[in-house]
Participant: 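The structure under discussion is supplied below as structure tokens; questions concerning it will follow.
Note that the structure is a prediction, hence the values are computed from the model and not measured. Proteins get letters first, then strands, A, B, ... in listed order; numbering begins at 1 in each.
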Protein chains: 2
Amino acid sequence: MRHGDRRSLTGRGATAPRPTIKDIAARCGVHPSTVSRALSPAMKHLVAADVAERIQAEANALGYRLNMAAKGLRTGRSGLIGVLAPDIADPGFPPVLSGLAEHLNAEGYATIVVDVGTGGSQQDLVDSLIARGVDGLVLATVRLHDDVVAHSVGASTPVVLVNRVDAAGELPSAASDDAAGMRLAVDHLVALGHRRIGHVAGPQEISTGARRRAGFEASIADSGLSLGDAPIEAATAYTRAAGREAGLRLLGRKARPTAIVAANDLLALGVYDALAASGLTCPADVSVVGHNDMPFVDLVSPPLTTVRIAQREMGATAARLLLARIRSPDAANEHVVLQPELIIRASTARPRS
Amino acid sequence: MRHGDRRSLTGRGATAPRPTIKDIAARCGVHPSTVSRALSPAMKHLVAADVAERIQAEANALGYRLNMAAKGLRTGRSGLIGVLAPDIADPGFPPVLSGLAEHLNAEGYATIVVDVGTGGSQQDLVDSLIARGVDGLVLATVRLHDDVVAHSVGASTPVVLVNRVDAAGELPSAASDDAAGMRLAVDHLVALGHRRIGHVAGPQEISTGARRRAGFEASIADSGLSLGDAPIEAATAYTRAAGREAGLRLLGRKARPTAIVAANDLLALGVYDALAASGLTCPADVSVVGHNDMPFVDLVSPPLTTVRIAQREMGATAARLLLARIRSPDAANEHVVLQPELIIRASTARPRS
DNA sequence: CTGAAAGCGCTAACAC
DNA sequence: GTGTTAGCGCTTTCAG
């Protein structure tokens, strides 16, 4: 189908209204419902081949486009999926979104992404998405104990979580194995000879923050190290600035750690800032490990050793879970946990002896 | 308005259908149209205060949400804006999107973003957005000579361009002043003493690629340098890999340039790769300048000197242009050009004497 | 195989 | 101020 043979936008003059199935019906001398059938792949078999062809031709000539709002009103399904994103400018999120959209588009759904930063409360945004008739919701923003979760459980619109989970595990989710990621990081540092390893934790009301912290503590204990030699400072947000603050606090401790594992890459970059501010160098004085492997951390100085999480796959999985929920709303809760991978670069080295 | 006092999602049981104005009307003993009026801020003044209040209360109690599809079908306006993005994972785009969405949300519009990478042809995506009834379109993907532009001119759905322009300037646009940006870059290098300055150009079918190249040539000429000493290699795409290839070609020239200005930051990072592969160091052997100032280029090694473009403002401007177009479709074409700024970091230095 | 009729939820004339 | 009526564009029984 070439583009030239339909007049999509132009050609009808700037003011002509969009053609409807009625217009096509009139020109073909058939009833609108016949046009509807001919133009619907699923119902096309119910109409005579020659008639269907004539209708199709006329539709193309007119540049006809199905009105999804009308269809949605009639069928009760909009083909829209709402996505609540933490902050679209956060470099960590786009890959997830990309995996999500790709999967959803393939099934005929369009995604409408709302940045939580710019709007009102999370619940209001969810409500406005519901008002738009979304067939499902993907939340990438929930806190461990979050009102939206309570409101979403058993709701008529299916909801899945991505990148984060709720404390009670009441909603289906696709997330990375945070504990495994921290184990990878800690084991790597221990193998290098580090014995005093600090942690810049993420916000504790967010599952990644809490679980990575817990994973850190468990790994330290399992390595036979004392938790007393594993100081933790929690950052107030997943930002470079908050990482710097927490990093500074960690470096100010009496027994300065020889390595720091951060709950994510942004925090790790903040730790770089703290190191610079303290006149220390990485990895000579302090080794640093991040989490997520966001774009370009291989280019910073020094290139960041980090735990790579499967972001695109996480998005694709969330899409799959949501689609399953839409088809059978009462299916059991599935929590998909994706395995991370340690990417060793130049920010980690043996401690000074 | 607290969240507790409405039951939005839960509380009606998982299977109950969403309440409609009819339900509210029945419970309040009024006609549906009265409910419609009471719930519409613009029409509320037409209904008695006490009745309006009762209706509002009942709506809250029921967790009623306006059905936008139905409203849109009736009014012909969906409150949806379609955005065609080049690649959501490209770190340059999110700030634009963020500025766009913020502005649009404030006016009650939701944005539906489609990644051109994952779908079919650009025109098909536009058509599907039109089928969804979008009130306007923002294209961040057009090439200089692009069919979509021809199809969009005089179309019934307003279209604006962001970050890019079409060759004939037929559509309203918000973009950075590419020529001014290149002048900033070239002047800076000339002031440092460079006399052989190369350019890694972007794809020439894209306005930024073509205009930055033209701006580069003009600046070189105006600086009194010979174009013979200003070799240019065009990259095939705005990617780090393409930048590396083009950079390698530039560095392979007989008279190697002492400085390279890249058409964007991703290409500049590719030039870093090319330098590393050639055993050269930046800025000692070759200075590098990027364009866009995308997130974290201040952290790469060496921190990148680059031309900062006003991305959020670009998005906000595009939103403004689109809203203006929606209100008066026949307004004159406006091309807003935003001024860039040179951010000097450590990738540029005096040439070796 | 095709036509007729009804209605999804909402708004906007137009009455009273 | 409020009710009545009609219809946006589409799908889907139900007849024939």
Side-chain angles (χ1 to χ4, degrees), chain A residues 16-56 58-59 62-80 108 130-135 156, chain B residues 16-56 58-59 62-80 108 130-135 156:
Chain A
R18 272 172 67 187
T20 72
I21 51 172
K22 244 173 171 167
D23 299 322
I24 299 177
R27 296 190 186 226
C28 290
V30 297
H31 196 268
S33 56
T34 304
V35 175
S36 171
R37 286 190 270 255
L39 261 26
S40 154
M43 295 294 145
K44 188 168 181 173
H45 66 102
L46 291 176
V47 41
D50 57 326
V51 179
E53 196 159 339
R54 238 177 46 236
I55 291 174
Q56 188 63 258
E58 194 64 40
L62 252 38
Y64 170 77
R65 293 272 107 193
L66 180 58
N67 182 328
M68 296 299 270
K71 177 189 175 133
L73 186 57
R74 186 62 239 256
T75 60
R77 306 192 312 97
S78 64
L80 245 30
I130 303 238
R132 292 223 119 89
V134 293
D135 296 335
S156 47
Chain B
R18 272 172 65 187
T20 71
I21 51 173
K22 245 173 171 167
D23 300 323
I24 299 177
R27 297 190 183 225
C28 290
V30 297
H31 196 269
S33 57
T34 303
V35 176
S36 172
R37 287 189 271 255
L39 262 26
S40 154
M43 295 294 146
K44 190 168 180 172
H45 66 103
L46 292 176
V47 38
D50 58 328
V51 178
E53 197 159 338
R54 236 174 52 233
I55 291 174
Q56 189 62 258
E58 194 63 39
L62 252 37
Y64 170 77
R65 293 271 108 194
L66 180 58
N67 182 326
M68 296 299 269
K71 177 190 174 130
L73 187 57
R74 186 64 239 254
T75 60
R77 306 192 313 98
S78 64
L80 245 31
I130 301 231
R132 292 221 120 87
V134 294
D135 296 334
S156 47

Participant: Please walk me through it: do B:L62 and B:I24 pass side chain to side chain contact (heavy atoms under 4.5 Å, CB included)?
Facilitator: CA-CA 8 Å; B:L62 252 37; B:I24 299 177; 4.0 Å; yes
Participant: For DNA chain D, what residues of residues 38-55 of chain B have any heavy atom nearer than 4.0 Å?
Facilitator: B:L46, B:V47, B:A48, B:V51
Participant: Are there any protein N/O atoms within less than 3.5 Å of an N/O atom in nucleotides 3-7 of chain D, and if so, which ones and at what distance?
Facilitator:
unit_1 : atom_1 : unit_2 : atom_2 : d
D:dG3  : OP2    : B:H31  : N      : 2.8
D:dG3  : OP2    : B:T34  : OG1    : 2.6
D:dG3  : N7     : B:R37  : NH2    : 2.8
D:dG3  : O6     : B:R37  : NH1    : 3.3
D:dG3  : O6     : B:R37  : NH2    : 3.4
D:dT4  : O4     : B:S33  : OG     : 3.3
D:dG7  : N2     : B:R74  : NE     : 3.4
D:dG7  : N2     : B:R74  : NH1    : 3.3

Participant: Could you check whether any side-chain N or O of A:T75 sits under 3.5 Å from a backbone N or O of A:K71, counting only pairs where one atom can act as donor and the other as acceptor?
Facilitator: yes
Participant: Testing the basics here: between B:A52 and B:A38, what is the closest heavy-atom pair and its distance to 0.1 Å?
Facilitator: CA-CB, 4.1 Å
Participant: Measure CG/B:N67 against P/C:dC8 and give the value in whole Å, please.
Facilitator: 12 Å
Participant: Within the 4.0 Å heavy-atom criterion, would you say A:S36 contacts the bases, only the backbone, or no part of the nucleic acid?
Facilitator: base
Participant: Nearest heavy atom decides the nucleotide; on that basis, is B:T75 or A:T75 closer to the 5' end of DNA chain D?
Facilitator: B:T75
Participant: Which heavy atom of A:R132 sits nearest to which heavy atom of A:L80, and what is that distance?
Facilitator: O-CD2, 4.0 Å
Participant: Once you round it to whole Å, what is the distance between C1' of C:dA12 and CZ of B:R77?
Facilitator: 14 Å
Participant: Any side-chain heavy atom of B:I55 sitting closer than 4.5 Å to one from B:L39?
Facilitator: yes
Participant: Could you give the NZ-to-C1' distance, from A:K71 to C:dG7, as a whole number of Å?
Facilitator: 17 Å
Participant: Which listed nucleotide (D:dT12, C:dG9, D:dC10) is nearest to the side chain of A:L73?
Facilitator: C:dG9
Participant: Testing B:R37, B:E58, B:R54 one by one against B:V30 for a side-chain contact (heavy atoms from CB on, under 4.5 Å), which residue passes?
Facilitator: B:R54
Participant: I need the single residue from A:V35, A:L66, A:T34, A:N67 that forms a side-chain contact (heavy atoms from CB on, under 4.5 Å) with A:I21. Which is it?
Facilitator: A:V35
Participant: Grab the CD1-P distance between A:I21 and D:dC8 for me, whole Å please.
Facilitator: 11 Å
Participant: Look up atom CG in A:L73 and atom CE in B:M68, then write down how far apart they are to the nearest 0.5 Å.
Facilitator: 13.5 Å
